[in-house]
Amino acid sequence: MAASFRIYNTLSRSVEDFVPQVPGKVGIYVCGMTVYDRSHVGHARAMVVFDAFVRYLRHRSWDVLFVRNFTDVDDKIIRRANELGEDPVGLASRFIDVFHEDMDALGLVRPDHEPRVSRCIDDIHDVIGKLVDKGHAYVSEGTVWYAVRTFDEYGKLSGQNIDELRSPDEAGGKRDPADFALWKCARPGEVSWESPWGPGRPGWHIECSAMGCKHLGATLDIHGGGLDLVFPHHENEIAQSEAANGAQFANYWMHNGLLTMAGGQKMGKSLGNVINIDVALAEFPAEALRLYYLQNKYRSPLPWSGDALPEALGMLSRLYDAREAAEAMGGEGDADRIAKEMGKTASDVLRLGRDFEARFHGALDEDFNTGGAIGAAFELARAVNRFADHKKARKRGGPIVAPALGAFALLADGLGLLGRPVSEFHAEVKVKRLKALGLDEAAVEGMLAERSAARAAKDWARSDALRDELEGSGIIVMDKPEGVQWRVRCVAPDSATA
RNA sequence: GGCGACAUGGCCAAGUGGUAAGGCAAGGGAUUGCAAAUCCCUGAUUCCCCGGUUCGAAUCCGGGUGUCGCCUCCA
């Protein structure tokens, strides 16, 4: 039985109860990438947010059908292809492969369908044909335009009024400046397809109407995308789809906020302030990126800085270390009885662990409040650490922290965080951070061995000198009762992402 | 010019009518050979400003200010 949840609907500008068309099923369509270059961490936010959302819905027993498209026919792709002397669809296909590499590296689940414009030309023709037949579109010099004034509800998503728009000085046979192209007449040297209106290619907006309805029916449960797509893209999708099908296009519109740079500007290729996903992931685990995104409300602007990932990595380590401490605890027996014997720190962990699921679901069911859900995880982590200081915790605390371990598993299943073995996490961090700092593991190990020898001989001066040297280059040394451990400092002085 | 969103401690941030989660940073303490990690303590009499509604508002309403996004491609 799928759990109910509430979600902010851009259409109504309010949080609403989610009501599916078919009980237990959710059809979700998310606007994907225009593939002519590598994707950056701003794109990654959108991808991670919707990945986490889909994971969560499935975790809550929803039967989710997830569709995310590729725009592989587009002005920018054609321009780039011409620059490189490459076939546009081929170039796009190449960047689709790159995108998949990035998404796999980010640990995302693949959508159920990833339609490409170039493979849905017939579906696009069908929609355009309907619009022409119904008088919502007209042909002018081989281009098919959508007549926005034929759609009374135009502007209902974005609140825009056709007469108040800054009209672009666009020429080209439009009857109204706000009209937009459904089918663009082929120009010499451009990729084109035959159509009932002559050779050409699809306009930008029509693809989503065609591909969304192809896989999910005339009405989508949820349509997602970046906040910057609300107008004109999503507004136009509504106009096309609803005029063609006579049915509401999407019941819920979900928009993720944009990544902003220092000074508040959004990250964008045209602004030259982008950090590509592969660059960020070369230095930090994908999970740190995920935590950084999910700490924040998906709808809010999210400030990016060079400190973002180091800080997120530090937070992630804190959670993993708490989980490790809990996993190391043994013993068996009745948790309540043991908690009574061991006192308040024990009963606190037990209680927080047991309450976690309700808090976790409560936060996420209310407009996907990932920040609140993660906050609860940190409270639990502190309680675990506090309990781990208890002298008998390691030997007998197992039953006490069992609910906490279950809580951490929820984080993995519901949001894709904290799902790996702790050792694997630390190993990845070590490799990536050593590389980012330009350090060699063998050299580090050598110095540590020398330092251990000095410590064994109680040569504190030598030992501390070696540690100072290591720390100067970014290695943090921890002398634990069970032996020496070391970590690579998160913050890199010469970090490429700073 | 039009449309929309947001404004919470040094920074990030949850909370949408009942009296401020969480993270980072900072200071003090415990622990440690010294550190690191961890734990404990300290910090907004207050949630941009001004009015209003209410027994009671960060949370609702009105006005103002500021920031950002969109109106051209954009996650």
Side-chain angles (χ1 to χ4, degrees), chain A residues 10 13 15 30-34 36 39-50 68 71 74-76 79 155 157-170 178 204 224-233 235 255-260 263-271 291-292 295-297 299-303 305 307-308 310-312 314-315 317-319 321-322 325 345 359 363 366 369-390 455 458 460-461 463-464 467-468 471 475-481 484-487:
Chain A
T10 308
R13 310 259 171 220
V15 177
V30 175
C31 283
M33 297 292 302
T34 299
Y36 67 102
S39 304
H40 59 68
V41 291
H43 302 127
R45 182 188 190 191
M47 302 308 153
V48 168
V49 161
F50 285 105
R68 186 178 60 213
T71 299
D74 159 272
D75 288 344
K76 290 189 295 296
R79 196 186 318 136
L157 179 70
S158 63
Q160 295 291 345
N161 181 324
I162 297 173
D163 296 310
E164 302 286 355
L165 297 175
R166 273 183 184 157
S167 45
D169 307 322
E170 231 176 86
W204 176 34
L227 202 51
D228 52 349
L229 296 179
V230 173
F231 191 90
H233 187 52
E235 194 69 68
H255 290 102
N256 65 275
L258 305 180
L259 222 57
T260 57
Q265 268 79 41
K266 78 169 184 177
M267 181 176 287
K269 281 178 200 165
S270 55
L271 298 169
L291 179 62
Y292 160 66
Q295 253 182 296
N296 290 61
K297 185 82 192 180
R299 289 196 274 126
S300 302
L302 175 56
S305 77
D307 295 333
E311 186 176 321
M315 294 171 72
S317 289
R318 183 171 163 78
L319 290 176
D321 289 345
T345 58
R359 291 184 67 184
E366 185 64 22
N369 181 0
T370 50
I374 290 168
F378 277 99
E379 283 183 66
L380 181 60
R382 186 177 52 223
V384 167
N385 285 331
R386 189 190 298 139
F387 176 58
D389 281 352
H390 194 112
R455 290 186 75 223
K458 296 202 189 301
W460 306 127
S463 159
D464 291 351
R467 185 177 60 200
D468 288 347
E471 291 191 345
I475 302 298
I476 297 164
V477 181
M478 300 181 290
D479 298 320
K480 299 217 167 186
V484 179
Q485 287 185 11
W486 60 280
R487 299 274 172 81

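Just so we're on the same page: letters track the sequence lines, and every chain starts at 1.
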With rounding to whole Å, what would you report as the distance between B/C40 and B/G4 at their P atoms? 47 Å

When rounded to the nearest 0.5 Å, the distance separating NZ of A/Lys297 from CG of A/Asn256 is 13.0 Å

Nearest-Å distance for atom pair CE/C1', residues A/Met315 and B/A25: 13 Å

Determine which nucleotide pairs with B/U72, using a 3.5 Å limit on both distances of a Watson-Crick or G-U wobble pair. none

According to the Watson-Crick and G-U wobble definitions, with both distances under 3.5 Å, which nucleotide is paired to B/U53? none

Could you work out the separation of B/A57 and B/C12 based on their C1' atoms and round it to a whole Å? 25 Å

Point-to-point distance, once rounded to the nearest 0.5 Å, from OG1 of A/Thr10 to CG of A/Leu229: 11.0 Å

Roughly how far apart are A/Tyr292 OH and A/Asp307 CG, rounded to 0.5 Å? 10.5 Å

Sugar-phosphate, base or nothing in reach of A/Lys458, heavy atoms under 4.0 Å: nothing

Please report, rounded to the nearest Å, how far the C1' atom of B/G15 is from the CD1 atom of A/Ile374. 16 Å

Which atoms of nucleotides 33-43 of chain B (N or O only) lie under 3.5 Å from a protein N or O atom, and what are those distances?
residue	atom	partner	partner atom	Å
B/G33	O6	A/Arg455	NE	3.1
B/G33	N1	A/Asp464	OD1	3.0
B/G33	N2	A/Asp464	OD1	3.3
B/G33	N2	A/Asp464	OD2	2.5
B/C34	O2	A/Arg467	NH1	3.2
B/C34	O2	A/Arg467	NH2	2.3
B/C34	N3	A/Arg467	NH1	2.9
B/C34	N4	A/Asp479	OD2	3.1
B/A35	N6	A/Asp479	O	2.8
B/A35	N1	A/Asp479	N	2.6
B/A35	N3	A/Arg467	NH1	3.3
B/U38	O3'	A/Asn385	ND2	3.3
B/C39	OP1	A/Arg318	NH2	3.2
B/C39	OP1	A/Asn385	ND2	3.3
B/C39	OP2	A/Arg318	NH1	3.4
B/C39	O4'	A/Asp389	OD2	3.1
B/C40	OP1	A/Arg386	NE	2.7
B/C40	OP1	A/Arg386	NH2	2.7

Would you give the length of the straight line joining atom CG of A/Asn296 to atom CZ of A/Arg45, rounded to the nearest 0.5 angstrom? 6.5 Å

Counting any heavy atom closer than 4.0 Å, what does A/Gly375 reach on the DNA or RNA strands: base, sugar-phosphate only, or nothing? base

Starting the side chain at C-beta, find the nucleotide from B/A75, B/A14, B/G23 nearest to A/Leu229. B/A75

Here the distance between atom C1' of B/G22 and atom CD of A/Gln295, to the nearest Å, is 9 Å

For the P atoms, the ones on B/C3 and on B/C11, what distance do you get once it is rounded to whole angstrom? 32 Å

Over all strands shown, is A/Gly159 touching base, sugar-phosphate only, or nothing at heavy-atom distances under 4.0 angstrom? sugar-phosphate

Polar side-chain atom of A/His233 near backbone of A/Val230 as donor-acceptor pair, under 3.5 Å: no

State the pairing partner of B/A37; accept Watson-Crick or G-U wobble contacts with both distances under 3.5 Å, and report none otherwise. none

note: A/His255, atom NE2; B/A5, atom C1'; distance rounded to Å ~ 13 Å

Salt bridge flag under 4.0 Å for residues A/Asp321 and A/Arg487: yes

First locate atom CG of A/Asp228, then atom CG of A/Leu258, and finally report the distance between them rounded to the nearest 0.5 Å. 4.5 Å

Could you tell me how far apart A/Leu291 (CG) and B/C24 (C1') are, to the nearest whole angstrom? 12 Å

So A/Arg359 and A/Glu379, do their side chains get closer than 4.5 Å, heavy atoms only? yes

Under a 3.5 Å limit on both distances, the Watson-Crick or wobble mate of B/U59 is none

Distance between the C1' atoms of B/G66 and B/G52, in whole angstroms? 23 Å

B/G2 phosphate, OP1 or OP2, under 4.0 Å from A/Asn161 side-chain N/O: no

Please name the nucleotide paired to B/A44 by Watson-Crick or G-U wobble geometry with both distances under 3.5 Å, or report none. none

Going by purine N1 to pyrimidine N3 plus the second Watson-Crick contact, or the G-U wobble pair, all under 3.5 Å, which nucleotide sits opposite B/C6? B/G66

P atoms of B/U46 and B/G9, separation to the nearest Å: 13 Å

Among the nucleotides B/C70, B/G22, B/C12, whichever has the atom closest to the side chain of A/Glu379 is B/G22

Which residue lies toward the 5' end of RNA chain B, A/Glu366 or A/Val41, if each is placed at its nearest nucleotide? A/Glu366

Out of B/A75, B/G15, B/C3, whichever nucleotide has its closest atom nearest the side chain of A/Gln160: B/C3

Given atom OH of A/Tyr292 and atom P of B/A13, what is their separation to the nearest angstrom? 9 Å

Carboxylate-amine/guanidinium proximity below 4.0 Å for A/Asp464 and A/Arg467: yes

For A/Asp307 and B/A26, what is the distance between atoms CG and C1' respectively, to the nearest whole Å? 15 Å

Rounded distance in Å - CG (A/Asp74) to C1' (B/A75): 14 Å

Nearest to the side chain of A/Arg359 - B/A75, B/G23, B/A21? B/A21

Any side-chain N or O of A/Asn369 under 4.0 Å from OP1/OP2 of B/G15? yes

Residue mapping more 5' on RNA chain B - nearest nucleotide basis, A/Cys31 or A/Gly314: A/Gly314

P gap between B/C68 and B/G63, integer Å: 23 Å

Using the P atoms only, state how far B/A35 lies from B/G27, rounded to an integer number of Å. 14 Å

If pairing requires Watson-Crick or G-U wobble contacts with both distances under 3.5 Å, which nucleotide is the partner of B/A25? none

NA contact type, A/Gly225, heavy-atom cut-off 4.0 Å: base, sugar-phosphate, or nothing? sugar-phosphate

With rounding to whole Å, what would you report as the distance between B/A7 and B/A13 at their P atoms? 9 Å

Could you tell me the Watson-Crick or G-U partner of B/G17, where both distances fall under 3.5 Å? Say none if there is no partner. none

Donor-acceptor contact below 3.5 Å, side chain A/Glu235 vs main chain A/Gly155: yes

Report which part of the nucleic acid A/Asn256 touches: base, sugar-phosphate, or nothing (heavy-atom distance under 4.0 Å, all strands). base

Check whether A/Gln485 reaches the backbone of A/Met478 with its side chain - one donor and one acceptor, N or O, closer than 3.5 Å. no

Look at all strands and tell whether A/Gly32 reaches a base, only sugar-phosphate, or nothing, counting heavy atoms closer than 4.0 Å. sugar-phosphate

